[in-house]
There are 2 protein chains.
Amino acid sequence: MSYQIELRHIKYFLAVAKDLHFRRAAERLFISQPGLSRQIKQMEDDLGVVLFERHNRKVILTKAGAYLRDELTLNLKNLEHTFYHAKLLNNGKKGGLRLGYVGSAMQDIIPNLLLTFRKEHPDVIFNLKEMDNHKQIEDLLSYDLDIGFVRLDRVPKELEIKPILKEPFCLVLPYSHSLNKESFKSLNQLKEAPFILFDPKYSTSYFEKVMQIFDDSGFSPIVSHNTIHASSIYKLVEHHFGVSIVPKSLVDHNNTKVKFIELSHIKQRTTLSMVWNTQNRNPVLKGVFDFILGVSR
Amino acid sequence: MSYQIELRHIKYFLAVAKDLHFRRAAERLFISQPGLSRQIKQMEDDLGVVLFERHNRKVILTKAGAYLRDELTLNLKNLEHTFYHAKLLNNGKKGGLRLGYVGSAMQDIIPNLLLTFRKEHPDVIFNLKEMDNHKQIEDLLSYDLDIGFVRLDRVPKELEIKPILKEPFCLVLPYSHSLNKESFKSLNQLKEAPFILFDPKYSTSYFEKVMQIFDDSGFSPIVSHNTIHASSIYKLVEHHFGVSIVPKSLVDHNNTKVKFIELSHIKQRTTLSMVWNTQNRNPVLKGVFDFILGVSR
DNA sequence: CTATTTGATAACTCATAGTTATTATTTATT
DNA sequence: AATAAATAATAACTATGAGTTATCAAATAG
């Protein structure tokens, strides 16, 4: 109870902490510089803590100030989420959910999952966003995302990860390619072909898994192109820039320019996993991933 | 950024949510009832959320209101902790730590641990409190405690638990008792003796472990008294109310009125564990239990 | 049917957030 | 060295709105 510090002080403090410049911070806040200075001063007095060292044309955060910058940023974000959810609850909704997913999950996994879910829980608002693996991790850590769907094996310890789908790989060949389901026996037959693969930075663990396939086949592929979209892979394959390997769920049945051969005899599987922040207090989160884990089991 | 809701609103809201009575809440806040009513109204308008249903002489929380009560309570507590730690940082301290422990850990474990720690980290402020197992769990969950030392095997999933000391049990007998280290072979020899034991509500898992000892010895003890303090056990034993079993660390070497026989041949061990809340953001917490786990290993 | 308990409304006041004008100090620029 | 520019703090003013008192409306209890 103790303090008469208000959210205003906290917001002002964070603004100054951000660009370490009173006048510019004041501008961004649409108030005058002296007004801002006084509020900061007041916060320092109330708290009994010096927040900034003001000297020689530069302002820097004290140790306590830096600590407060980090903690209060989080706290404020938390508040906003709380208010957002309260609003949804007020409107008879159960809550909102921000979902991220790698493009390769949108082909058919995510849509099916969500359709089923929405039928049972029409009162949860979804916000869907395609993002790469690392952006998802980042946003999960900063509480800007509730659930991510990634192709990663490991995530930072603040996050929890649960595999929801293991799938085999498929070979992608130009439609006119000499190999077909019957004549294809081993990857060795493609020893000389250039390969078009997902960019390693898309997911190192995914990339390493693909490389293991080549290792097991006893050769290193000639990698001619890296991309991050399945559709560009197919375009390149179609125009004979090379051949490729993709997760089975990315198979595009409508594409008549390329053909797919499932590598079911190969032991490697790629895993689509669900990730979330264990500290996330989103009220619908628990129910939702209970559901998803139930469906995917 | 959006809202012009202030901490004042939140504090007022929580006050009303607490006793569901505007006039009484206003009194507790030392403001007038109309003032409070207006602030709550304003919060509802700003938020676009109805917080209370006011009718027939009673005020009740809406769904959204109840959600906000829970979340905002936490959030406010969080803020207070943050300010508290900032103050410590400002004074050149690294932080503060609130420790709880069951009495039976104070005999020699906790003091030694803390003395060693204080030598290396004089800049951490301690706050020590003897509490029973369940009170510690409760306070850890509500963020009123940073680390607990308990004799429990399991804790709620929000908490993490790490055993730091396993120790055998000791028999406690009056000094003049006919049994001694040499003549004692088995608990069976005390089949007819009344036992003075720790109250089961002190810790069911501790109690069950003691009961297992009797099970393994093939008899059920006659339990004559329950207490929660080792010293009262010793007093009762001294005056021939019965005999007892206690963890080895509770042995009081200065007590000449009773004698202790270590039950090292018995497989049961009692475990003193450290517990903390994984969500606790106390900045010194991590360093501290790294230290404690290091020492106790 | 009166008395009492409740929260909302209305009108007032005073504390203070935010304003403009200015100063002190340090650092570029000539 | 002298001047100009940049910065945050200080001082004095103003106007918004938090908190006040007085009152009302509704709903119960005796």
Side-chain angles (χ1 to χ4, degrees), chain A residues 1-62 64-66 68-69 72 76 90, chain B residues 1-62 64-66 68-69 72 76 90:
Chain A
M1 293 293 135
S2 36
Y3 299 106
Q4 55 231 27
I5 286 185
E6 291 292 350
L7 288 179
R8 172 177 15 95
H9 294 103
I10 295 178
K11 288 172 186 170
Y12 288 2
F13 162 66
L14 289 178
V16 178
K18 205 166 181 182
D19 46 19
L20 295 173
H21 197 290
F22 278 75
R23 189 177 47 73
R24 253 177 287 148
E27 259 167 42
R28 278 206 303 132
L29 293 166
F30 301 106
I31 61 167
S32 66
Q33 172 265 313
L36 178 58
S37 280
R38 199 142 67 85
Q39 291 295 305
I40 297 290
K41 183 81 193 330
Q42 188 176 313
M43 181 167 171
E44 290 182 318
D45 289 350
D46 277 9
L47 224 49
V49 168
V50 183
L51 300 170
F52 299 101
E53 291 175 24
R54 295 97 156 151
H55 43 97
N56 331 348
R57 296 216 159 185
K58 74 166 182 270
V59 171
I60 59 173
L61 280 160
T62 60
L68 281 172
R69 189 224 310 116
L72 294 179
L76 211 60
N90 188 64
Chain B
M1 292 297 134
S2 35
Y3 300 106
Q4 54 232 27
I5 285 185
E6 291 292 349
L7 288 179
R8 173 179 13 97
H9 294 101
I10 296 178
K11 288 171 185 171
Y12 289 1
F13 162 67
L14 290 178
V16 178
K18 206 166 181 181
D19 46 20
L20 296 173
H21 197 289
F22 279 74
R23 190 177 46 73
R24 254 177 287 147
E27 258 167 42
R28 278 206 303 131
L29 292 166
F30 300 107
I31 62 168
S32 66
Q33 173 265 314
L36 178 58
S37 280
R38 199 143 65 86
Q39 291 295 303
I40 297 291
K41 184 82 193 329
Q42 188 175 313
M43 181 167 170
E44 289 182 319
D45 289 350
D46 277 8
L47 224 50
V49 169
V50 183
L51 300 170
F52 300 102
E53 290 174 24
R54 295 98 155 149
H55 44 97
N56 331 348
R57 296 215 158 187
K58 74 166 182 270
V59 172
I60 60 173
L61 279 160
T62 61
L68 281 172
R69 187 227 305 120
L72 294 179
L76 211 60
N90 188 63

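Every heavy atom of this structure was used, including side-chain atoms; hydrogens, water molecules and symmetry mates were not.
Distance B:E44 CD to C:dG7 C1': 12 Å, rounded to the nearest Å. Note: OH (A:Y12) to C1' (D:dA8) measures 17 Å, nearest angstrom. In this structure, A:I31 places its CD1 atom 6 Å from P of C:dG18, rounding to the nearest Å. When rounded to the nearest whole Å, the span between CD of B:E6 and P of D:dT16 equals 18 Å. For A:Q4 and C:dA17, the CD to P distance is 9 Å, given to the nearest whole Å. Between A:L29 atom CG and C:dT19 atom P there is a gap of 10 Å when expressed in whole angstrom units. Rounded to an integer number of Å, the gap from CG of B:L36 to C1' of D:dG19 is 11 Å. In this structure, B:F30 atom CZ and D:dG19 atom C1' are separated by 15 Å, rounded to whole Å.
The two residues A:H9 and A:Q42 make their nearest non-hydrogen contact at NE2-NE2, 3.2 Å. For the residue pair A:V16 and A:F22, the shortest heavy atom distance occurs at CG1-CE1, 4.0 Å. Considering every non-hydrogen atom in both B:N90 and A:G48, the closest pair reads ND2-O, 3.2 Å. The two atoms that bring A:R24 and A:H21 nearest to each other are NH2-CD2, 2.6 Å, heavy atoms only. When all heavy atoms of B:V49 and B:A64 are compared, the closest pair comes out as CG1-CB, 3.6 Å. Summarising the geometry of B:L51 relative to B:E44, their closest heavy-atom pair is N-OE2, 2.8 Å, with the distance given to 0.1 Å.
Atoms CD1 and CG, from B:I5 and B:D46 in turn, are 5.5 Å apart once rounded to the nearest 0.5 Å. Taken from CD in B:E6 to CD1 in A:I10, the straight-line distance is 9.0 Å, to the nearest 0.5 Å.
For D:dA9, the OP1/OP2 oxygens have a side-chain nitrogen or oxygen of A:R54 closer than 4.0 Å. For the pair B:S37 and C:dA8, the criterion of a side-chain N or O lying under 4.0 Å from OP1 or OP2 is met.
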If the sugar-phosphate is the primed atoms plus P, OP1 and OP2 and the base is the rest, what is the B/S/- string for nucleotides 10-16 of chain C, using protein heavy atoms under 4.0 Å? -------

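By the 4.5 Å heavy-atom criterion applied to side chains, A:L7 and A:L76 are counted as neighbours.
Across all strands shown, B:F52 has no heavy atoms under 4.0 Å from either base or sugar-phosphate atoms.
Near DNA chain D, meaning a heavy atom under 4.0 Å from it, residues 16-24 of chain A has A:H21, A:F22, A:R23 in order of number.
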